[in-house]
Enquirer: 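Take this structure, written in structure tokens, and hold onto it; I'll ask about it next.
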Amino acid sequence: MTIGVIISTYNNPQWLEKTLWGYTAQTRPADEIIIADDGSRPETAELIRSFEKRLPVRHVWHEDNGFRKTIILNKALAMATADYLVFTDQDCVPRHDFLATHERMACSGRFLSGGYFKLPMGISRLLSHEDILSGRAFSLQWLMQRGLKLSFKCTKLVGNPLFAWLMNHITPTHATWNGMNSSGWRTDLLSANGFDERMQYGGEDRELGERLTNAGIRGKQIRYSAIVLHLDHNRPYVNDEAWQLNNAIRKNTKKLKLTRTEHGMTQQP
């Protein structure tokens, strides 16, 4: 099968560059990478062009008119040709086995829900090209030497396949579609009509997963197997009005057991 990656971005070429470094180090290279750009300034386009000889990267952009991530993700989904698609964000640096893990664990009738490990701002800024390519950025010992505090969440970086399998099965966290690290078959995503374009920040990714679940496409937990480092950042786009709208849409999706949105890739008249 072919595997593609859709990466959302907005005005953060420094973090996007670190993330793209991670895709140059994959043991299973991507067949296509589409950058879904929600209106970034020209610096982002320049960065993406600099990777064209190293990665099968394409750039889809629309004008900056507020938080319209769901719309640009649908445009990227419409461009995609790969059989299987991994969705992630500009601030999520993939471990070297990230795509190989998604490919290995993909199966019919399921979507995959991966994990992330959040780094503090100081270490996020510190990460270099060599740190990411060598894989030492994912070493718990290396991170602790640079000030990371030990916590239960550090178990995501243990890196032992048997331990990861066990943790995937005993974690109480449900397998949801999360924008930082999820994957599914392109045909299933098209059948769901992509993302609901009415939605802004706050559960907009999970709503797609809820429609997939209603259609019998169940989530599979791989949060300890497929890992990204989540680089720190602020969220100026968060607001209560958007949360209330999104929660109402999700409530309706659950109540009516919707499998397809009328406000997605193909709009209804």
Side-chain angles (χ1 to χ4, degrees), residues 5 7-28 30 47 51 55 86-102 104-105 112-183 201-202 205-206 221-238:
V5 183
I7 305 173
S8 67
T9 192
Y10 176 72
N11 278 335
N12 198 336
Q14 294 86 2
W15 274 195
L16 179 60
E17 182 177 34
K18 294 175 189 282
T19 292
L20 291 176
W21 287 340
Y23 286 98
T24 67
Q26 293 297 297
T27 58
R28 197 297 189 197
L47 171 69
F51 276 88
L55 292 170
V86 179
F87 284 73
T88 186
D89 292 331
Q90 66 185 7
D91 47 25
C92 296
V93 180
R95 197 168 63 189
H96 65 89
D97 62 343
F98 179 69
L99 293 182
T101 301
H102 273 277
R104 175 171 52 86
M105 303 189 81
L112 300 180
S113 179
Y116 68 93
F117 184 82
K118 188 173 182 179
L119 295 180
M121 182 61 76
I123 301 178
S124 298
R125 290 173 174 157
L126 176 70
L127 290 188
S128 70
H129 182 258
E130 183 57 30
D131 295 334
I132 292 168
L133 263 60
S134 68
R136 61 180 174 239
F138 291 85
S139 164
L140 185 55
Q141 180 180 6
W142 186 86
L143 291 169
M144 290 179 65
Q145 289 172 350
R146 280 144 187 85
L148 182 72
K149 295 182 180 179
L150 191 64
S151 70
F152 179 78
K153 293 180 180 179
C154 293
T155 54
K156 291 180 181 177
L157 297 178
V158 169
N160 180 284
L162 181 59
F163 178 78
W165 178 88
L166 175 64
M167 295 300 290
N168 287 335
H169 282 77
I170 68 173
T171 179
T173 304
H174 296 296
T176 59
W177 186 281
N178 60 81
M180 286 184 282
N181 185 353
S182 290
S183 64
Y201 180 81
D205 305 304
R206 291 193 175 195
Q221 186 66 269
I222 63 167
R223 70 196 306 251
Y224 285 85
S225 300
I227 297 296
V228 295
L229 296 176
H230 182 220
L231 308 178
D232 196 16
H233 63 89
N234 58 12
R235 292 175 174 82
Y237 40 76
V238 176

Enquirer: Under the side-chain contact (heavy atoms from CB on, under 4.5 Å) rule, what do Leu16 and Leu20 come out as? Steps first, then yes or no, please.
Expert: CA-CA 6 Å; Leu16 179 60; Leu20 291 176; 4.1 Å; yes

Enquirer: Can Tyr23 and His96 be said to form a side-chain contact (heavy atoms from CB on, under 4.5 Å), step by step?
Expert: CA-CA 8 Å; Tyr23 286 98; His96 65 89; over 6 Å; no

Enquirer: Donor-acceptor pairs under 3.5 Å, side chain of residues 149-159 to any protein atom, not counting sequence neighbours: which ones?
Expert:
unit_1 : atom_1 : unit_2 : atom_2 : d
Ser151 : OG     : Lys153 : N      : 3.4
Thr155 : OG1    : Phe152 : O      : 2.7
Lys156 : NZ     : Tyr116 : O      : 2.9

Enquirer: Describe, in one word, how the ring planes of His102 and Phe98 are oriented to each other, choosing from parallel (under 30°), tilted (30 to 60°) and perpendicular (over 60°).
Expert: perpendicular

Enquirer: Atom CE in Met180, atom CD1 in Ile7: separation rounded to 0.5 Å?
Expert: 14.5 Å

Enquirer: Rounded to the nearest 0.5 Å, what separation is found between the CZ atom of Phe117 and the CZ atom of Arg95?
Expert: 12.0 Å

Enquirer: Give, for atom CZ of Arg223 and atom CG of Asn181, the distance between the pair rounded to the nearest 0.5 Å.
Expert: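 Taking CZ in Arg223 and CG in Asn181, the distance rounds to 10.5 Å.
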
Enquirer: OG1/Thr9 to CH2/Trp15 distance, rounded to the nearest 0.5 angstrom?
Expert: 12.5 Å

Enquirer: Where the side chain of Gln221 meets the backbone of Leu112, is there a donor-acceptor pair that is under 3.5 Å apart?
Expert: no

Enquirer: Quick one: CG on Leu133 to OG1 on Thr24, what's the gap to the nearest 0.5 Å?
Expert: 4.5 Å

Enquirer: Thr19 side chain to Gln90 main-chain N or O, any donor-acceptor pair under 3.5 Å?
Expert: yes

Enquirer: Could you grab the distance from atom NZ of Lys18 to atom CG of Leu229, nearest 0.5 Å is fine?
Expert: 11.0 Å

Enquirer: Checking Ser225 against Asn168: is there a side-chain donor and acceptor pair closer than 3.5 Å?
Expert: yes

Enquirer: Is there any salt bridge (charged side-chain N to carboxylate O under 4.0 Å, His left out) pair reaching into residues 133-147, and which pairs are they, with sequence neighbours excluded?
Expert: Asp131-Arg136

Enquirer: Hey, is the main chain of Met167 close enough, under 3.5 Å, to the side chain of Thr171 for a donor-acceptor pair?
Expert: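 Side chain of Thr171 to backbone of Met167, a donor-acceptor pair under 3.5 Å: no, none is there.
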
Enquirer: Kindly determine whether Asp97 and Phe138 satisfy side-chain contact (heavy atoms from CB on, under 4.5 Å), including the steps that lead there.
Expert: CA-CA 11 Å; Asp97 62 343; Phe138 291 85; over 6 Å; no

Enquirer: By side chain to side chain contact (heavy atoms under 4.5 Å, CB included), which residues pair with Pro161, not counting sequence neighbours?
Expert: none

Enquirer: Who pairs with Glu17 by side chain to side chain contact (heavy atoms under 4.5 Å, CB included), at least two apart in sequence or on another chain?
Expert: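 Partners of Glu17 under the side chain to side chain contact (heavy atoms under 4.5 Å, CB included) test: Trp21, Leu47, Phe51.
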
Enquirer: What residues, two or more places apart in sequence or in another chain, satisfy side chain to side chain contact (heavy atoms under 4.5 Å, CB included) together with Ser8?
Expert: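 Partners of Ser8 by the side chain to side chain contact (heavy atoms under 4.5 Å, CB included) criterion, ordered by chain and then number, come out as Lys69, Leu73, Asp89.
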
Enquirer: Might you confirm whether atom CZ of Arg206 has over 12 heavy atoms from other residues, nucleotides or ligands at distances under 6.0 Å?
Expert: no

Enquirer: Could you go through Leu127 and Leu119, starting from their C-alpha distance and side-chain angles, then the distance that decides it, and tell me whether this counts as side-chain contact (heavy atoms from CB on, under 4.5 Å)?
Expert: CA-CA 10 Å; Leu127 290 188; Leu119 295 180; 3.8 Å; yes

Enquirer: Just by distance, do the side chain of Ser113 and the backbone of Thr176 share a donor-acceptor pair under 3.5 Å?
Expert: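 Side chain of Ser113 to backbone of Thr176, a donor-acceptor pair under 3.5 Å: yes, one is there.
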
Enquirer: Which atoms form the tightest heavy-atom contact between Ser124 and Asp232, and what is the distance?
Expert: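 Here Ser124 and Asp232 meet closest at OG-N, 3.0 Å.
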
Enquirer: Tell me, please, which residues at least two apart from Ser139 pass side chain to side chain contact (heavy atoms under 4.5 Å, CB included).
Expert: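 By the side chain to side chain contact (heavy atoms under 4.5 Å, CB included) rule, Ser139 matches Gln141, Trp142.
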
